[in-house]
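Some notes on the structure that comes next.
The figures here come from the full heavy-atom set of this structure, side chains too, leaving out hydrogens, waters and symmetry mates. First listed ligand is number 1; within each ligand, the first listed atom is number 1. Just so it is clear, the structure is predicted and the values come from calculations on it, not from any experiment.
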Amino acid sequence: MRIIVAEDRVAASECAADIVERFVRDQRRASLGVATGRTTEALYDELVRRHQHEGLSFAGVDVYLLDEYVGLDPDDPCRFRSVVQRELAQQVDLRRDAVHCPDPDAPDLPRECCRYEHLVRSAPIGLQILGIGFNGHIAFNEPGSAFDSVTRIVALSEQTRSDNAGCFSDGRPVPERAITQGIAAILAATELLLLACGERKAATVAAAVDGPLCEAVPASALQLHASVTVVLDPDAASLL
Ligand code: GLP
């Protein structure tokens with residue numbers, strides 16, 4: 001596992017953007033796995049800047065979301081598909097059909113989970129961008145998720161729902177369920193990039209990177225992967 005501690009939060013986003021840029025520039029067609037959250041928002045801002053000012057093109061890229069809430073209206077701005085459209089897709093030259101996501105409105109959700117698992121596995125993902133939840137989740141694989149878990153419907157923990165309440169600013173409840181890629185599919189990506197910033201994530205990052213492999217800390221599964229880069233700001237790295 002390669003750990004990079006950048007000078008500050010901005011430098012961490014730039015460093016993560018360097019890794020994404022190298023991946024995108026290196027291939028004509030690229031399958032990029034994307035996460036959502038406040039941390040990755042800064043990364044996408046930097047990628048958009050590079051598209052607008054430095055000619056970084058996403059024309060040959062397909063992006064695959066890690067997860068999606070169940071129970072929101074199709075045009076809800078808090079849907080992860082809407083977030084990725086807003087923060088990245090609409091601001092770069094991604095093809096219109098290049099954003100892939102589990103469909104939480106599908107009539108048969110277990111079948112939809114199988115479809116998405118198959119899609120992601122056959123992509124296959126070359127670089128997977130990850131954030132980390134305060135409770136150690138990756139995507140929406142909450143504590144207790146098996147390391148060989150596949151795409152499925154999950155119940156979100158109270159911790160995660162309260163951490164993610166910020167997007168639901170008008171007091172709307174955070175959905176109780178989501179569809180998430182499993183840990184097995186995440187580990188199947190060729191390369192993983194985890195970005196974490198802020199003191200609040202320090203203990204979680206330390207448990208994921210230095211702690212024992214355990215389902216109580218889903219992100220500890222990253223220790224099993226042969227090619228992981230963890231990019232941190234000094235606060236997130238403070239307990240390593
Ligand atoms: C959500 C996403 C995760 C992400 C996490 C971190 O729960 N499902 O993929 O890693 O948020 O979010 P933030 O960067 O806002 O702390």
Out of Gly37, Ala35, Ala178, Cys197, who is nearest to atom 12 (O) of ligand 1 when you count heavy atoms only?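 It is Gly37 that holds the nearest heavy atom.
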Could you name the option among Ala139, Gly131, Ala196 that has the heavy atom nearest to atom 9 (O) of ligand 1?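 Among Ala139, Gly131, Ala196, the closest heavy atom to atom 9 (O) of ligand 1 belongs to Ala139.
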Please state which protein non-hydrogen atom is closest to [atom] and give its distance, to 0.1 Å?
atom                    : value
atom 7 (O) of ligand 1  : His137 NE2, 2.8 Å
atom 4 (C) of ligand 1  : Thr36 O, 3.4 Å
atom 15 (O) of ligand 1 : Arg38 N, 2.8 Å
atom 8 (N) of ligand 1  : Asp67 OD2, 2.7 Å
atom 6 (C) of ligand 1  : Ile132 O, 3.6 Å
atom 16 (O) of ligand 1 : Lys201 NZ, 2.7 Å
atom 1 (C) of ligand 1  : Asn164 ND2, 3.6 Å

Show me which atoms of ligand 1 lie under 4.0 Å from any heavy atom of Phe140.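 Contacts of ligand 1 toward Phe140, numbered from 1: 7 (O), 8 (N).
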Thr39 heavy atoms, cut-off 4.0 Å: which ligand 1 atoms fall inside?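 Every atom of ligand 1 under 4.0 Å from some heavy atom of Thr39: 13 (P), 14 (O), 16 (O).
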Taking atom types as modelled, find out whether [X] and [Y] have a side-chain donor-acceptor pair closer than 3.5 angstrom.
X      : Y      : result
Thr160 : His137 : yes
Tyr69  : Asn164 : yes
Glu142 : Asn135 : yes
Ser145 : Arg152 : yes
Ser31  : Asp62  : no

Between Asp233 (side chain) and Ala236 (backbone), is there a donor-acceptor pair under 3.5 Å?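 Such a contact is found between Asp233 side chain and Ala236 backbone.
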Taking Glu112 for the side chain and Pro104 for the main chain, is one N or O donor matched with an acceptor at less than 3.5 Å?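 Here the side-chain-to-backbone pair does not exist.
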Can you find an N or O of Thr40 that's nearer than 3.5 Å to an N or O of ligand 1?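 The answer is no, given that Thr40 and ligand 1 share no N or O pair closer than 3.5 Å.
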With side chain to side chain contact (heavy atoms under 4.5 Å, CB included) as the test, would you mind laying out the steps for Gln91 and Arg86 before giving the verdict? CA-CA 7 Å; Gln91 303 194 60; Arg86 192 169 61 236; 5.9 Å; no
Side chain or backbone of Asp163 under 4.0 Å from ligand 1, or both, or neither, by non-hydrogen atoms?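 The answer is neither; Asp163 stays 4.0 Å or more away.
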Over 60° means perpendicular and under 30° means parallel, so classify the ring planes of Tyr116 and Tyr64, tilted if in between.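 The rings of Tyr64 and Tyr116 sit tilted, inter-plane angle from 30° to 60°.
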Close approach, Glu41 and ligand 1, non-hydrogen under 4.0 angstrom: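 No, that is not the case, since the closest heavy atom of the residue is not under 4.0 Å from the ligand.
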